[in-house]
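These notes are about the structure you will find just below.
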Amino acid sequence: MALEVSAQASAPIPLDVAFRVAPGELLALVGHSGSGKTTLLRMIAGLWTPTQARVAVNGKTWLDTRARVNLAPHRRRVGLVFQNYALFPHMSAAQNVMAAMDKPDPAEAGRILDLVNLKDLGARHPAQLSGGQQQRVAVARALARRPQALLLDEPFSAVDRATREKLYAEIIALRAHLNMPVVLVTHDVNEAQLLADRMLVIESGRVLSQGTVAEVMADATALRAMGIRELAALLPATVAEHLPDGLTRLDTPSGPLFLPRVASPPGTRVRVRIMAHEVIVARTRPEGLSAQNILAGTVAQIVPGQGPAVMVHITVGAHEIIARITRRAAGQLALRPGDPVHAIVKSMSVARDHVTPAGATIGD
Amino acid sequence: MDWTALELSLRLAGWTVAILLPVSILFGRFLAFRQFRGKALVEALVMLPLVLPPTVLGFYLLVTFGRNSPIGQLWQDVFGSQLVFSFTGLVIASVIFNLPFAIQPAQRGFQAIPAELREAASCCGMSPLRALWQVELPLAWPGVVTAMVLTFAHTLGEFGIVLMVGGSIPGETRTIAISIYDRVQAFDTDSAAIMSAVLVAISVTTIAVTFALSARVGRRLS
């Protein structure tokens with residue numbers, strides 16, 4: 001049930017893109033506003049048709065400009081979550097969900113609302129719901145369509161940060177129930193890295209880089225487009241204990257990690273996004289240092305950057321942390337692949353929304 | 001008080017609304033959502049009866065529907081009666097004259113629907129017809145109702161065009177507005193006053209009802 005997309009257009013924006021999303025896989029289309037990512041999503045849904053394009057889902061062609069096939073949006077089994085949700089204001093949450101069903105079924109609507117943690121709010125109208133709740137209704141409505149492709153257009157951009165953290169966790173949990181290809185459009189690299197299996201970086205309608213999140217994160221072109229300061233590694237960890245001083249201790253294969261209070265309860269497997277420019281590298285285990293997290297590892301490779309920085313990939317247990325340090329520092333330490341080093345991460349350098357439950361993503 | 005005239009006026013207004021309701025929805029929606037060459041011209045044509053003096057429009061309709069015109073002759077041949085100075089002719093004239101009142105508010109009502117909601121409807125698998133019924137009409141209906149109320153009230157009060165196309169045949173074309181004029185001509189001011197008061201009452205009621213309904217919708221959607 002893969003989703004296959006290719007598109008070429010010159011207006012209204014130049015476009016030259018091709019990608020494939022496997023069933024159950026989440027692909028993040030990452031790019032700045034105006035890069036064409038939302039236009040692509042609209043094309044998959046049938047709301048826009050470029051000069052030359054093909055969209056096929058599960059072997060069924062939705063759009064093929066050469067063969068003059070172009071199914072109307074309502075004939076495509078597509079679930080689209082709009083950036084501002086586009087809920088029907090005159091309908092209750094449950095009615096919104098039922099509006100996307102072939103045969104409206106209140107019991108089924110209740111089940112889907114339950115899936116997005118909105119069981120008791122089915123009778124409310126969108127105006128009576130918070131932003132986060134509206135987003136959940138929009139997701140429920142998209143799922144009620146029984147889509148063969150689920151499309152999310154910046155679904156977290158209209159809510160505050162605290163709500164966003166909760167919604168990330170919910171989407172990750174929800175993915176266990178999804179077996180269709182999912183495309184997430186976002187400009188937020190953190191979001192893409194935490195939620196996606198694969199990433200596609202798009203700029204001015206062209207693919208700069210696509211691959212697994214790790215591959216894209218190691219791609220200099222992609223990093224230049226996303227902003228080098230977005231370079232980060234994902235470290236899996238397990239929540240061990242919430243400490244009375246407001247920190248949470250997490251266990252990683254290479255030692256404990258102390259972070260500001262994490263929302264998940266002890267025992268939860270999480271992924272921690274560690275920003276490369278926040279990591280300090282030391283030859284010997286430092287003492288008398290305020291930083292709480294010192295992870296022992298070995299240098300895997302050193303990738304030179306364009307400016308004064310180099311990217312030091314450090315193997316920590318079975319995973320990798322990336323440190324973006326100056327070329328000068330790397331020279332002073334005389335770092336070479338295979339060298340034992342320590343990666344130092346300040347607790348306070350890890351933002352709360354950079355920690356999410358690991359969930360059931362592919363490749364975990 | 002000329003009850004026959006009041007009944008005739010209500011009947012004329014009822015028919016006009018009944019015919020213009022689907023026209024208002026379909027054409028108002030069409031003008032709201034479709035872009036095409038010459039759209040401005042079509043919109044201007046629809047608005048024309050608003051600025052044209054009723055007597056002028058009435059004159060042209062009289063000429064178009066008259067016994068010597070092809071349309072009038074065809075009507076005569078098919079139905080065996082003439083179109084002018086008949087209730088049917090009055091209904092046709094009234095429909096044409098009320099086009100701007102019926103279409104404009106409905107068009108505004110449809111235009112007020114965010115494009116995203118219509119896209120959401122189609123992404124929810126709704127066919128255009130189902131989207132019209134489940135999403136567009138529930139959101140645009142204040143516009144449609146306004147259109148129909150305006151049409152209704154306007155038909156009750158129309159004078160010039162009725163006089164030109166229909167004359168003043170009791171029970172056939174003498175509407176309440178014509179009747180009021182007749183009463184005044186006959187120095188029967190009392191009857192004219194009563195009938196005028198009745199018209200005022202009907203107009204105030206219809207406007208009040210529309211405003212109340214719109215306010216309720218506004219509260220629900222805000």
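Note: hydrogens, waters and symmetry copies are ignored here, and every other heavy atom, side chains too, is used. Naming convention: chains lettered A, B, ... in sequence-line order (proteins, then strands); numbering from 1 in each chain.
A 6.0 Å sphere centred on CZ of B/F59 holds no more than 12 heavy atoms belonging to other residues, nucleotides or ligands. More than 12 heavy atoms of other shown residues, nucleotides or ligands fall within 6.0 angstrom of atom CZ in B/R11. Annotation for A/K119: atom NZ does not count as buried by contact number, only 12 or fewer foreign heavy atoms lying within 6.0 Å. Under a cut-off of 6.0 angstrom, the local environment of CG in B/L129 is sparse, with at most 12 non-hydrogen atoms contributed by other residues, nucleotides or ligands. Heavy atoms from other residues, nucleotides or ligands lying under 6.0 Å from OH of B/Y60 number 12 at most. The environment of OH in B/Y181 is sparse: at most 12 heavy-atom neighbours from other residues, nucleotides or ligands sit within 6.0 Å. Remark: B/W15 CH2 is loosely packed, at most 12 non-hydrogen atoms of other residues, nucleotides or ligands lying under 6.0 Å away.
Contact of A/R76 with chain B is not made at all, since no heavy-atom distance falls under 4.5 Å. For chain A, no part of B/A131 is nearby; none of its heavy atoms comes within less than 4.5 Å.
Counting heavy atoms from C-beta on, the side chains of B/E116 and A/Y85 never come closer than 4.5 Å. Side-chain contact between A/L47 and B/C123 is present, with at least one heavy-atom pair separated by less than 4.5 Å. B/E119 is listed as a side-chain neighbour of A/R42, based on a closest heavy-atom distance under 4.5 Å. The shortest side-chain heavy-atom distance between B/C124 and A/N96 does not fall under the 4.5 Å cut-off.
Expressed to the nearest 0.5 Å, how far NE2 of A/H74 lies from OG of B/S122 amounts to 8.5 Å. Between the CD1 atom of B/I113 and the CZ atom of A/F88 there is a distance of 10.5 Å, given to the nearest 0.5 Å.
The heavy-atom pair separating B/Q134 from A/M91 by the smallest distance is O-CE, 3.5 Å. Taking each heavy atom of A/H90 and B/P138 in turn, the nearest pair found is CD2-CB, 3.3 Å. Minimum heavy-atom separation, B/L117 to A/L87: CD2-O, 3.2 Å.
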